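We name chains A, B, ... by the order of the sequence lines, and we start the count at 1 in each one. All values reported here derive from a predicted model rather than from experimental measurement.
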Protein chains: 2
Amino acid sequence: MSSNAAMAETAALVGDPARACMLNALMDGRALTAGELAGAAGITAQTASGHLARLAAAGLLAMERQGRHRYHRLASPAVARMLEAIMMVAGAAPPPARPRRTGPADAAMRRARTCYDHLAGQLGVAIADAMAARGQVELATDGGAVTPAGEDFLAGLGITSQAVGSRRAFCRPCLDWSERRHHLAGGLGAALCARCFELGWVKRVPQSRAVLVTRAGEAGLRRAFGIELD
Amino acid sequence: MSSNAAMAETAALVGDPARACMLNALMDGRALTAGELAGAAGITAQTASGHLARLAAAGLLAMERQGRHRYHRLASPAVARMLEAIMMVAGAAPPPARPRRTGPADAAMRRARTCYDHLAGQLGVAIADAMAARGQVELATDGGAVTPAGEDFLAGLGITSQAVGSRRAFCRPCLDWSERRHHLAGGLGAALCARCFELGWVKRVPQSRAVLVTRAGEAGLRRAFGIELD
DNA sequence: GCCATGCTTCGGCCCGGACCGAAGCATGGC
DNA sequence: GCCATGCTTCGGTCCGGGCCGAAGCATGGC
């Protein structure tokens, strides 16, 4: 059973704290240089170099040289999904343990962040809740669908069905790491996230997966979704 | 960022070949004794005991004592999904490598097997294809939905919508490990799988995730789905 | 009570691999 | 050409943890 060994090898790569840190830093979908990743993991450049080479060899990372720099990013959405899945199990892990402060310590991260290509945190959950409450999407633990009313609503936001995906069922729910509730992922989640950036409703916090809701964003989100973050 | 450490810890648990072997053996959803798991991993009982204790402490396994035996099973579907996700990355891993025989060496496994709670392999893919071709389900990479025609069809098979789930979108596609194509998972996949066992169309191969299609099953599958396994 | 079975705990061995210092290549700026 | 920057390779140290043998508890059969 060689597939067992392959699985163990892949998991072992994620199973080192320094590598996990680097992978996590790439979970926002951007590409970072080797130096930045070394800093994020708190290790020296030469140690990071070894790790990155192994991750790339295993197909977890894609590497791209640009001048003196080498940019690394997650090789595919499948890798991001794997990391999500691991994080979910890790988060729910201690079953008979003390409740233990859930989620990231960083308040901004808890409030709003990107999760590979879509929005998560309080913002992501609020959007999902609002769209579900208005009958714009139907959510279930195993999948979801956009309703006709939802398509109209998205069109009004400037999101075409082409941007979302060709089929009706493109709205994968993704259990939120800090909120422990579902938010919108999949094609719909990615399109909504991209549109929020385009509209200037949210902007990235440097060196972080966290995003800030701008003043225009607060107004826009209230108008479009009827949501009001604390 | 303590969540990083938690993720690494969880991944490291899967990252040991012996533990990966045991987790894999539990991927069919059944509960096995410590001795059986030790045998599956090719290690002694005392070594397995240590591994199992750690996996249980981390919330990956649930343990249940029954007489002298201790039965272990995956703690939750989330764990199974995590293992699936890791396997998927591991399978697709070597990107610039030789094509390398895909999937399990075992021919029976490739033909039909369970994947936690649903059917996979050629059989699983064939069912998904047949239902999609007949307009009974709509599949996308991020989710899926059963059509009204599909509900009628399922009712004819003796599968009520209660058995499948309360919402319309309960049919999560799951990328097949050996076939590299999608099959039906989620509530729908679980209900179909259970019904196939009830009808005696398939039966488990002892000590394996593989399942055999019975003579009655060949006829039933042909009649119900119009599929013909080689 | 006695023994067999199933599993766990303890102790000690040993190997893999994570880490860093130093040196070696590249690329870009001047 | 020269040096600075970014990254990699090499060599050596050190620690975590996987492994088994032996012994220690439970449970069940007799």
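Checking D:dT5, D:dA22, D:dC19 against every side-chain atom of A:Arg68, the shortest atom distance belongs to D:dT5. Closest to the side chain of B:His51, out of C:dC19, D:dC19, D:dT8, is D:dC19. Side chain of A:Ile43, nearest nucleotide from C:dT8, C:dG21, C:dC19: C:dC19.
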Practice prompt. Could you walk me through whether B:Val14 and B:Leu60 pass side-chain contact (heavy atoms from CB on, under 4.5 Å), step by step?
Written response: CA-CA 9 Å; B:Val14 187; B:Leu60 298 200; 4.2 Å; yes
Practice prompt. For side-chain contact (heavy atoms from CB on, under 4.5 Å), just list the numbers for B:Leu123 and B:Leu221, CA-CA rounded to whole Å, side-chain angles, deciding distance to a tenth of an Å, and then say yes or no.
Written response: CA-CA 10 Å; B:Leu123 175 60; B:Leu221 291 167; 3.7 Å; yes
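Put simply, the side chain of B:His118 does not reach to within 4.5 Å of the side chain of B:Leu184, judged on heavy atoms.
One finds a side-chain N or O of A:Arg54 lying less than 4.0 angstrom from the OP1 or OP2 phosphate oxygen of C:dA18. Listed pair A:Thr44 / C:dC20 meets the phosphate criterion, a side-chain N or O lying under 4.0 Å from OP1 or OP2. For A:Arg65, no side-chain nitrogen or oxygen approaches OP1 or OP2 of D:dG6 to under 4.0 Å. Between B:Thr47 and D:dG18, a side-chain N or O to OP1/OP2 separation shorter than 4.0 Å is absent.
Rounded to an integer number of Å, the gap from B:Gln46 CD to C:dG12 C1' is 13 Å. Summarising the geometry, the separation between NE2 on B:His72 and P on C:dG6 is reported as 14 Å, rounded to the nearest angstrom. Rounded to an integer number of Å, the gap from CG of A:Leu37 to P of D:dT8 is 11 Å. The separation between B:Tyr71 atom OH and C:dG6 atom P is 11 Å, rounded to whole Å. Distance, A:Leu32 CG to D:dG6 P: 15 Å, rounded to whole Å. Distance, A:His69 NE2 to C:dG29 C1': 12 Å, rounded to whole Å. In this structure, B:Asp16 places its CG atom 13 Å from C1' of D:dG16, rounding to the nearest Å. Rounding to whole angstrom units, CG of residue A:Leu61 and C1' of D:dC7 are separated by 16 Å.
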Practice prompt. Quick one: the dot-bracket string of DNA chain C, using Watson-Crick and G-U wobble pairs with both distances under 3.5 Å, [ ] for crossing pairs and | for bases paired to another strand.
Written response: ||||||||||||||||||||||||||||||
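No donor-acceptor pair closer than 3.5 Å links the side chain of B:Thr114 to the backbone N or O of B:Tyr116. Side-chain N or O atoms of A:Arg19 include one that pairs as donor or acceptor with a backbone N or O of A:Leu13 at under 3.5 Å. Side-chain N or O atoms of A:Thr33 include none that pairs as donor or acceptor with a backbone N or O of A:His69 at under 3.5 Å.
Residues passing the salt bridge (Lys or Arg N to Asp or Glu O under 4.0 Å) test with B:Glu198, sequence neighbours excluded: B:Arg195.
Mapping B:Thr33 and A:Arg19 onto DNA chain C by nearest heavy atom places B:Thr33 closer to the 5' end of the strand.
Note on B:Ala34: only backbone sugar-phosphate atoms sit closer than 4.0 angstrom, heavy atoms only; bases stay farther off. At the heavy-atom level, A:Arg70 lies under 4.0 Å from the strands shown only through sugar-phosphate atoms.
Within a 6.0 Å sphere centred on CD of B:Gln46, heavy atoms belonging to other residues, nucleotides or ligands number more than 12.
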